[in-house]
Amino acid sequence: MYDVKDIMETVSMIRDNNLDIRTTTMGISLIDCADTDIDKSCTKVYDKICRLAGDLVSVGEDISAKYGIPIVNKRVSVTPVSMLAGVSGGDPVKYAKALDRAANTIGINFIGGYSALVHKGFSAGDMELIESIPRALAETELVCSSVNIGSTRAGINMDAVRKMGSIIRETAELTKENQCMGAAKLVVFCNAVEDNPFMAGAFHGTGEADHVLSVGVSGPGVVRSVLAGMPKDAPLDEVSEVIKKTAFKITRVGQLVGSEAAARLNTQFGIVDLSLAPTPAIGDSVAHILEEIGLEQCGAHGTTAALAMLNDAVKKGGVMASSSVGGLSGAFIPVSEDAGMIDAAREGTLSIEKLEAMTAVCSVGLDMIVVPGDTTADVIAAIIADEAAIGMVNSKTTAVRLIPAIGLAEGEELNFGGLLGYGPVMPLRTKSPSVMIARGGRIPAPLQSLKN
Amino acid sequence: MDKQENAVLTVVGINDVGILAKTALCVAEAKGNVVQVSQIVMDKFFTMNMLIDITELEGSLKELEDALKESLPGIEVHLMHENIFNSMHRI
């Protein structure tokens, strides 16, 4: 028989502390769907997704009932669509609509991969796809888009950075009647990973198998609750140890669910992404973990150090728990999706500069940040460049998902609903970076030695 | 014969006459076999953990859990396949 304490711990993690499997994401390669006729290509895309991922939702629900653990999202990621657009030509939005139809047919929450990888330059289909992003996101419901504009080995493509500044603005403008929602489904990456199961940045990399099933685990509430049970004078190495053990348990559940889902869907198991992904629900916040470690509010001095320790401990615990860890793996800090971050932003404790520093030590980047509606495309591009530079120099993934709140000013709020949450407009520096952004070209890849 | 599969049932609530009896009846009706039970009554609170052999179970775990919830109103019932405990608590 199992130890009663262990049983009650598991039950309470799920019942009281929002432990869940955040997403089961099937990655599907669309390379064999490419056709010089765009309509034929779209039909093949739709058919392949429906054929392979048709049971994704029902299998997820079955496993959820079997283990008594919620599986919140079921999603699909596909090969970057720019590759198909490069073969077929034509209006890439047709692909977005085919993906949206497939997502609706199989009943998933999001489909990612309306993407282009342009960190070193543009090839056939890339520019067409990027220019179509605002329309694609305005005319579809479930499609997510991402663009990789830099990497440690290639440097930063500043022409793409400049372009993405205006694309983000245009995307928000086209969806301004709907809380500028389009921009919440668009991520700009540096060092994008090929096996990320989390939206909006998921795509199925070309180095992956034809189809795989990956899992993203969550559990900030569980970590916070365990820390709440520790004495306030426990040294930080003990705090780190407890986080490690908790991350281990959470990841084991991810591994269990992922391998069973993959077997039932006749696909191979991809990776467990051991990210602490917050939701706007009370008790499911990464900011509250940092506050539990001992900060009055997230954003206070000390936040970067606390986050660095948290991020590292999560990885150390998770790596031992799963034979296949990948994706983004770390702590997410999406402002509008985290109750504690929303409060800290409202009170002005959390600034964009502090968030930028935090992204140097944790997973991903400036995520789900609402910025003033009159922010220029050049300022957005400059924010992307800053964030990409952090990723490029530190050999890590960084991303930017900003939502210009068209028509709103500082102090007002956007509300996306559901897991995407809500958040106040955060102030930005208003001095112009336009001359630098207009230069374009490339920031060369950084030196990998003389690390200081 | 297939390998034996177990599920762990947790029942927590205010103590009342017949909780164990009602639980056992539901499990038996679904052709589940009770392997082990541990129960604690502290003050008026009742906590029970039951290991059930579900190899011959008729219907799904969800159906059994729903039946238990219906027969034990106001009491928390969680029924989970044992693998989740194996994964989390054993290396």
Side-chain angles (χ1 to χ4, degrees), chain A residues 1-17 19-21 58-71 215 217 219 222-223 226 244-261 263-264 269 272 274 317-323, chain B residues 2-13 20 23 27 30 32-42 45-55 57-69 72 74-91:
Chain A
M1 182 71 171
Y2 299 91
D3 186 347
V4 173
K5 205 171 111 264
D6 290 346
I7 294 175
M8 296 316 287
E9 182 187 36
T10 300
V11 170
S12 139
M13 277 182 177
I14 295 168
R15 186 191 56 195
D16 304 327
N17 299 317
L19 174 61
D20 55 40
I21 300 295
S58 61
V59 164
E61 282 165 2
D62 268 4
I63 294 176
S64 177
K66 178 173 174 185
Y67 295 115
I69 184 164
I71 298 177
V215 166
V217 295
V222 178
V223 175
V226 175
K244 246 165 67 180
K245 286 182 179 152
T246 311
F248 175 85
K249 290 176 187 168
I250 296 172
T251 309
R252 291 282 281 203
V253 180
Q255 170 84 23
L256 171 71
V257 167
S259 39
E260 179 151 348
R264 288 208 202 178
F269 179 52
V272 181
L274 25 117
V319 161
M320 164 121 183
S322 168
S323 49
Chain B
D2 287 343
K3 194 172 158 281
Q4 180 176 327
E5 274 194 81
N6 296 324
V8 176
L9 171 68
T10 328
V11 179
V12 182
L20 180 54
T23 307
V27 172
N33 183 26
V34 177
V35 179
Q36 214 171 358
V37 184
S38 90
Q39 74 162 50
I40 307 167
V41 181
M42 270 168 59
F45 293 99
F46 174 93
T47 305
M48 175 173 69
N49 294 291
M50 190 181 266
L51 191 67
I52 304 167
D53 175 357
I54 54 165
T55 319
L57 195 73
E58 288 180 356
S60 67
L61 280 182
K62 178 90 183 100
E63 283 163 3
L64 175 54
E65 189 182 59
D66 289 344
L68 285 161
K69 281 180 177 162
L72 299 167
I75 288 179
E76 268 188 50
V77 175
H78 295 273
L79 183 60
M80 299 149 93
H81 195 280
E82 67 172 342
N83 283 356
I84 192 166
F85 300 99
N86 281 330
S87 290
M88 283 179 95
H89 301 289
R90 290 180 188 176
I91 297 181

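When reading the values below, keep in mind they use all heavy atoms of this one structure, side chains included, and skip hydrogens, waters and symmetry mates. Lettering of chains follows the sequences in order, A, B, ..., and the numbering in each one begins at 1.
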Practice task
Side-chain contact test, heavy atoms from C-beta onward, threshold under 4.5 Å: evaluate it for M88(B) versus E9(A) and give yes or no.
Solution key: no
Exercise for the section: Under the side-chain contact (heavy atoms from CB on, under 4.5 Å) rule, what do M80(B) and V11(A) come out as? Steps first, then yes or no, please. Expected result: CA-CA 9 Å; M80(B) 299 149 93; V11(A) 170; 4.2 Å; yes
Fill in the blank from the handout: When the 4.5 angstrom heavy-atom criterion is applied to V35(B) and chain A, the contacting part is neither
Handout entry: From D3(A) atom CG to R90(B) atom CZ, the distance as rounded to the nearest 0.5 Å
Key = 9.0 Å
Practice task
Work out which heavy atom in Y67(A) is nearest to a heavy atom in I84(B); give both atom names and the distance.
Solution key: O-CD1, 3.7 Å
Handout entry: With T10(A) via side chain to side chain donor-acceptor pair (under 3.5 Å) - residues at least two apart
Key = H89(B)
Exercise for the section: Please state whether the side chain, the backbone, both or neither of N86(B) comes within less than 4.5 Å of a heavy atom of chain A. Expected result: both
Practice task
Look at atom CE of M8(A) and say whether more than 12 heavy atoms of other residues, nucleotides or ligands are closer to it than 6.0 Å.
Solution key: yes
Practice task
Sort out for me which of V257(A), L256(A), I69(A) touches chain B most, counting heavy-atom pairs under 4.5 Å.
Solution key: L256(A)
Practice task
With the side chain counted from C-beta on, respond yes when F85(B) and D6(A) share a heavy-atom pair under 4.5 Å apart, and no when they do not.
Solution key: no
Exercise for the section: Indicate yes or no: at least one non-hydrogen side-chain atom of H78(B) is less than 4.5 angstrom from one of I14(A). Expected result: no
Practice task
To the nearest 0.5 angstrom, please state how far the CD1 atom of I63(A) sits from the CG atom of N83(B).
Solution key: 11.5 Å
Exercise for the section: Name, in order of residue number, those residues of residues 246-255 of chain A that have a heavy atom at a distance of less than 4.5 Å from a heavy atom in chain B; otherwise write 'none'. Expected result: F248(A), K249(A), R252(A), V253(A)
Handout entry: Nearest-0.5 Å distance that lies between atom CZ in R15(A) and atom CD in E76(B)
Key = 4.0 Å
